[in-house]
A.B. asks: 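Dumping the structure here so I can ask a few things about it.
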Amino acid sequence: QVQLVESGGGSVQAGGSLRLSCAASGRTFSSYAMGWFRQAPGKERDFVAAISWSDSITRYADSVKGRFTISRDNAKNTVYLQMNSLKLEDTAVYYCAAAGPSVGSYWTSSREYDYDFWGQGTQVTVSS
């Protein structure tokens, strides 16, 4: 019942920044927990960050903690991933995902099978 469209990917030098956006359709966005995942070449899809639908509780993978920030703007039906101090190993296709609305108010998850809806992904390439 929700469609997700990522944008904001591209190529950036190591140490630079990008902000990814995920625009959601529907009018129940505020009741969905959201997450970002990424898949590097030859690797499985890995958790990046998550945010709850109440109080914007956040969770981050250790590899991005302190560098990436997940946020949401319910008025715009959009979740963001601000990526700073980008490293070569951040190169991946980035996907946003939505879970709920049955999940708890402060629920976040790092497991991809906990999410119900997925975007098509946006490529982020970090070069030296």
A.B. asks: Can you list the residues that meet the side chain to side chain contact (heavy atoms under 4.5 Å, CB included) rule with Ser56, with sequence neighbours excluded?
C.D. replies: Ile51, Arg72
A.B. asks: Test of understanding: clusters of I, L, V, M, F, W, Y form through side-chain heavy atoms closer than 4.5 Å, transitively. Do Val103 and Leu4 belong to the same one?
C.D. replies: no
A.B. asks: List in chain and number order the residues that pass side chain to side chain contact (heavy atoms under 4.5 Å, CB included) with Ala23, two or more places apart in sequence or in another chain; answer none if no residue qualifies.
C.D. replies: Thr78
A.B. asks: Please enumerate all residues that pass ring pair (Phe, Tyr, Trp, His ring centres under 6.0 Å) together with Tyr60, with sequence neighbours excluded.
C.D. replies: none
A.B. asks: Which hydrophobic side chains are connected to Tyr106, either touching it within the sub-4.5 Å cutoff or through other members that do?
C.D. replies: Ile57
A.B. asks: Should Ile70 and Leu86 be counted in the same cluster of Ile, Leu, Val, Met, Phe, Trp and Tyr side chains packed under 4.5 Å apart?
C.D. replies: yes
A.B. asks: Side chains of Tyr95 and Glu6: closer than 4.5 Å at any heavy-atom pair?
C.D. replies: yes
A.B. asks: Measuring from Leu88:CG to Ser128:OG, what's the distance to the nearest 0.5 Å?
C.D. replies: 5.5 Å
A.B. asks: Is it true that, when you exclude Gln120 itself, more than 12 heavy atoms of the residues, nucleotides or ligands shown sit nearer than 6.0 Å to its CD?
C.D. replies: yes
A.B. asks: With Asn84, which residues qualify under side chain to side chain donor-acceptor pair (under 3.5 Å), at least two apart?
C.D. replies: Ser17, Gln82
A.B. asks: Does anything in residues 39-53 form a side chain to side chain donor-acceptor pair (under 3.5 Å)? List the pairs, not counting sequence neighbours.
C.D. replies: Arg45-Glu112
A.B. asks: Taking only residues at least two apart or on different chains, which pairs with a member in residues 75-95 satisfy salt bridge (charged side-chain N to carboxylate O under 4.0 Å, His left out)?
C.D. replies: Arg38-Asp90, Arg67-Asp90
A.B. asks: Heavy atoms only: give me the nearest Thr122-Leu20 pair and the separation to one decimal.
C.D. replies: CG2-CD2, 4.1 Å
A.B. asks: Which distance, rounded to the nearest 0.5 Å, do you find between the CG of Leu81 and the SG of Cys96?
C.D. replies: 10.0 Å
A.B. asks: Any pair with a residue in residues 108-128 that passes ring-ring contact (aromatic ring centres under 6.0 Å, His included), sequence neighbours left out, goes on the list, sorted by first then second residue, please.
C.D. replies: Phe37-Tyr115, Phe37-Trp118, Trp107-Tyr115
A.B. asks: What are the two closest heavy atoms between Gly121 and Val93, and how far apart are they?
C.D. replies: CA-CG1, 3.8 Å
A.B. asks: Output all residues satisfying side chain to side chain contact (heavy atoms under 4.5 Å, CB included) with Ser127, sequence neighbours left out; order by chain, then residue number.
C.D. replies: Gln13
A.B. asks: When hydrophobic residues are tied together by side-chain contacts of less than 4.5 Å, even through go-betweens, does Tyr80 share a cluster with Val48?
C.D. replies: no
A.B. asks: List the steps, then state whether side-chain contact (heavy atoms from CB on, under 4.5 Å) holds for Val79 with Trp36.
C.D. replies: CA-CA 9 Å; Val79 63; Trp36 285 97; 4.0 Å; yes
A.B. asks: Going by the rule ring pair (Phe, Tyr, Trp, His ring centres under 6.0 Å), which residues pair with Tyr94 if we only count those two or more places apart in sequence or in a different chain?
C.D. replies: none
A.B. asks: Hey, could you give me each pair passing salt bridge (charged side-chain N to carboxylate O under 4.0 Å, His left out) that has a residue in residues 95-109? Not counting sequence neighbours.
C.D. replies: none
A.B. asks: Should Thr58 and Thr108 count as side-chain neighbours, where that means a heavy-atom distance under 4.5 Å?
C.D. replies: no
A.B. asks: Do Met34 and Val2 land in one hydrophobic cluster if side-chain heavy atoms of ILVMFWY residues count as linked below 4.5 Å?
C.D. replies: yes
A.B. asks: Please name all residues satisfying side chain to side chain contact (heavy atoms under 4.5 Å, CB included) with Asp62, sequence neighbours left out, ordered by chain then number.
C.D. replies: Lys65
A.B. asks: If only atom types and distance count, is the side chain of Ser109 paired as donor or acceptor with the main-chain N or O of Asp114 below 3.5 Å?
C.D. replies: no
A.B. asks: For Thr91 and Val126, indicate whether the former's side chain and the latter's backbone hold a donor-acceptor pair under 3.5 Å.
C.D. replies: yes
